[in-house]
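Only one structure is covered here, and it is reproduced in the block below.
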Amino acid sequence: MTLLSVRGITTGYGPSIVNRDVSLTLGENEIITILGPNGAGKSTLLRTIVGLVRPRAGSVVMDGEDLTGRTPDVMAKRGLVLVPEGRRIFADMTVAENLRLGAYARRDADGIEADVEVMEGFFPILAAKRQQKGGSLSGGQQQMLAIARGLMARPRVLLLDEPSLGLSPLLVKEIQAIILGIGARFGASVLLVEQNAGLALSVASRGYLMQNGRIVTCGPISELKDMALMRELYLGGATEPAS
């Protein structure tokens, strides 16, 4: 069943067009990935889906409801939550305070506190450091905090923008396990933008390849791996995490 449908999205900044007629779908409890070189428009597409950038054409439909042009807070309430590139945690706030901020659109205080405990169970390092400032965490720990903060909104779709950026191979494997566990533990689908093709191809069931703001091919991961364009862009130098 289709949960999220992006149809014919065209978007940009000022006179520049970044995304051109982009369409994709995401099903219930599915992980899909968008691959492409730097500058392909992947991050702008995610920002458009969650309402940070207003599309010039096209639509964003979530569970049958047209949400095109809605503000980010409305999108979050409907279940579309972005974990941005660069983590963007609040460095001067504690781990626990960062987690609670992820639930800013919620009003169930008891449920929020219960979910803080859930996140600390899923990310044990956050429990150990719950009273430490976010800025004192390592890069990998900050990425876990950013993902956990996103999950605090109880999303139906979690959009992850470059979660492995700057992390060691060992931490990339930890992120891989976390992404694979999100559906089973939290019931959320995942839309992943990731430069590490090995990570992306190891967790997703389907993929979309972007170039110059357009989707140039898409399909099951098994088919994408065999495409000459994918091999040229990624697979020659990609190292796939252990499964």
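Numbers here simply count residues along the sequence, with the first being 1. Values below: all heavy atoms of this structure, side chains included; hydrogens, waters and symmetry mates excluded.
At least one donor-acceptor pair closer than 3.5 Å links the side chain of Asn98 to the backbone N or O of Phe90. Looking only at distances, no side-chain donor or acceptor of Ser59 sits under 3.5 Å from a matching main-chain atom of Thr68. Judged by distance alone, the side chain of Lys77 and the main-chain N or O of Ala105 form no donor-acceptor pair under 3.5 Å. Using modelled atom types, no side-chain atom of Asn19 and backbone atom of Ile9 make a donor-acceptor pair closer than 3.5 Å. Side chain of Ser164 to main chain of Leu167: no donor-acceptor pair is present (N/O by atom type, distance under 3.5 Å, no hydrogens or angles). The closest donor-acceptor contact from the side chain of Ser23 to the backbone of Gly8 lies under 3.5 Å.
Counting heavy atoms from C-beta on, the side chains of Arg70 and Arg78 come closer than 4.5 Å. Two residues are said to be in side-chain contact when any heavy atoms from C-beta on lie closer than 4.5 Å; Leu137 and Val95 meet this criterion. Residues Phe186 and Leu158 have side chains not in contact (no heavy-atom distance under 4.5 Å, counting atoms from C-beta outward). For the pair Leu160/Ile147, a side-chain contact is recorded, criterion being any heavy-atom separation below 4.5 Å from C-beta on. Considering only heavy atoms from C-beta on, Tyr208 stays 4.5 Å or farther from Leu35 through its side chain. Counting heavy atoms from C-beta on, the side chains of Glu30 and Ile32 come closer than 4.5 Å. When side chains are defined from C-beta on, Val203 counts as touching Gln176, because their heavy atoms get closer than 4.5 Å. Between Arg7 and Leu24, the closest side-chain pair of non-hydrogen atoms is not below 4.5 Å.
Shortest non-hydrogen contact noted between Pro55 and Gly69 is CD-N, 4.5 Å. Taking every heavy atom of both residues into account, Val193 and Pro163 meet most closely at O-CD, 3.6 Å. Minimum interatomic distance between Val81 and Ala153 (heavy atoms only, all atoms of both residues): CG2-CB, 3.7 Å. Heavy-atom minimum distance, Ile89 versus Gly134: CD1-O, 3.2 Å. When all heavy atoms are compared, the tightest approach of Pro155 to Ala188 is O-CB, 3.5 Å. Looking at every heavy atom in both residues, Arg156 comes nearest to Leu3 through NH2-CD1, 3.3 Å.
A salt bridge links Glu113 with Arg100: the closest approach of a Lys/Arg side-chain nitrogen to an acidic carboxylate oxygen falls below 4.0 angstrom. Salt bridge annotation for Asp21-Arg214: absent, with no cationic side-chain nitrogen under 4.0 angstrom from a carboxylate oxygen. The pair Arg47-Asp161 does not meet the salt-bridge criterion, since no charged nitrogen lies less than 4.0 angstrom from a carboxylate oxygen. Using a 4.0 Å cut-off between charged side-chain N and carboxylate O, Asp92 and Lys133 make no salt bridge.
Residue Val172 is grouped with residue Ile31 when hydrophobic side chains (ILVMFWY) are merged at heavy-atom distances under 4.5 angstrom, including chains of intermediate members. Leu199 is connected to Leu180 through a chain of hydrophobic side-chain contacts under 4.5 Å among Ile, Leu, Val, Met, Phe, Trp and Tyr, so both are in one cluster. In terms of hydrophobic clustering, with Ile, Leu, Val, Met, Phe, Trp and Tyr side chains grouped at heavy-atom distances under 4.5 Å, Leu45 and Val61 are assigned to different clusters. In the hydrophobic clustering of this structure, Ile182 groups with Met152; members are Ile, Leu, Val, Met, Phe, Trp, Tyr whose side-chain heavy atoms approach within less than 4.5 Å, directly or through other members. Taking hydrophobic clusters as Ile, Leu, Val, Met, Phe, Trp and Tyr residues chained together by side-chain heavy-atom distances below 4.5 Å, Ile215 shares a cluster with Leu4.
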Next on the checklist: Show, in sequence, the C-alpha distance, side-chain angles and deciding distance for Leu26 and Thr2, and conclude whether the side-chain contact (heavy atoms from CB on, under 4.5 Å) test is met.
Outcome noted: CA-CA 6 Å; Leu26 175 65; Thr2 299; over 6 Å; no
Next on the checklist: Walk me through whether Glu223 and Arg206 qualify under side-chain contact (heavy atoms from CB on, under 4.5 Å).
Outcome noted: CA-CA 9 Å; Glu223 294 180 6; Arg206 294 186 297 116; over 6 Å; no
Item to check | Pair Thr33-Glu194, side-chain hydrogen bond (donor to acceptor under 3.5 Å, both in side chains): steps then yes or no | outcome: CA-CA 7 Å; Thr33 186; Glu194 180 56 64; over 6 Å; no
Checklist entry - Yes or no on side-chain contact (heavy atoms from CB on, under 4.5 Å) for Asp115 and Glu117, after CA distance, side-chain angles and deciding distance? => result CA-CA 5 Å; Asp115 280 356; Glu117 294 185 9; over 6 Å; no
Next on the checklist: Using side-chain contact (heavy atoms from CB on, under 4.5 Å), reason through Arg88 and Val83 one step at a time and then give a plain yes or no.
Outcome noted: CA-CA 9 Å; Arg88 300 187 189 179; Val83 178; over 6 Å; no
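Screening Leu191, Leu46, Val74, Ile49 for a side chain to side chain contact (heavy atoms under 4.5 Å, CB included) with Leu80, the sole residue that qualifies is Ile49.
Counting non-hydrogen atoms of neighbouring residues, nucleotides and ligands closer than 6.0 angstrom, the CZ atom of Arg56 exceeds 12 such neighbours. Few gaps surround CG on Asn29; more than 12 heavy atoms of other groups in view lie less than 6.0 Å from it.
Atom CD of residue Gln141 and atom CG of residue Leu171 lie 8.5 Å apart, to the nearest 0.5 angstrom. Expressed to the nearest 0.5 Å, how far CZ of Arg149 lies from CE of Met144 amounts to 15.5 Å. The structure places CG of Leu165 at 8.5 Å from CD of Gln143, a figure rounded to the nearest 0.5 Å. A distance of 11.5 Å separates OG of Ser5 from CG of Asp63, quoted to the nearest 0.5 Å. How far CG of Leu99 is from CG of Leu151: 10.0 Å, rounded to the nearest 0.5 Å.
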Side-chain donor-acceptor contacts of residues 123-132 below 3.5 Å, not counting sequence neighbours, with atom names and distances?
unit_1: Arg130; atom_1: NE; unit_2: Glu120; atom_2: OE2; d: 3.0
unit_1: Gln132; atom_1: NE2; unit_2: Ser136; atom_2: OG; d: 3.2

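Ser189 and Glu28 are not linked by any side-chain donor-acceptor pair at a separation below 3.5 angstrom, with hydrogens and angles left out of the test. Remark: the Glu162 side chain and the Asn196 side chain contain no N/O donor-acceptor pair separated by less than 3.5 Å.
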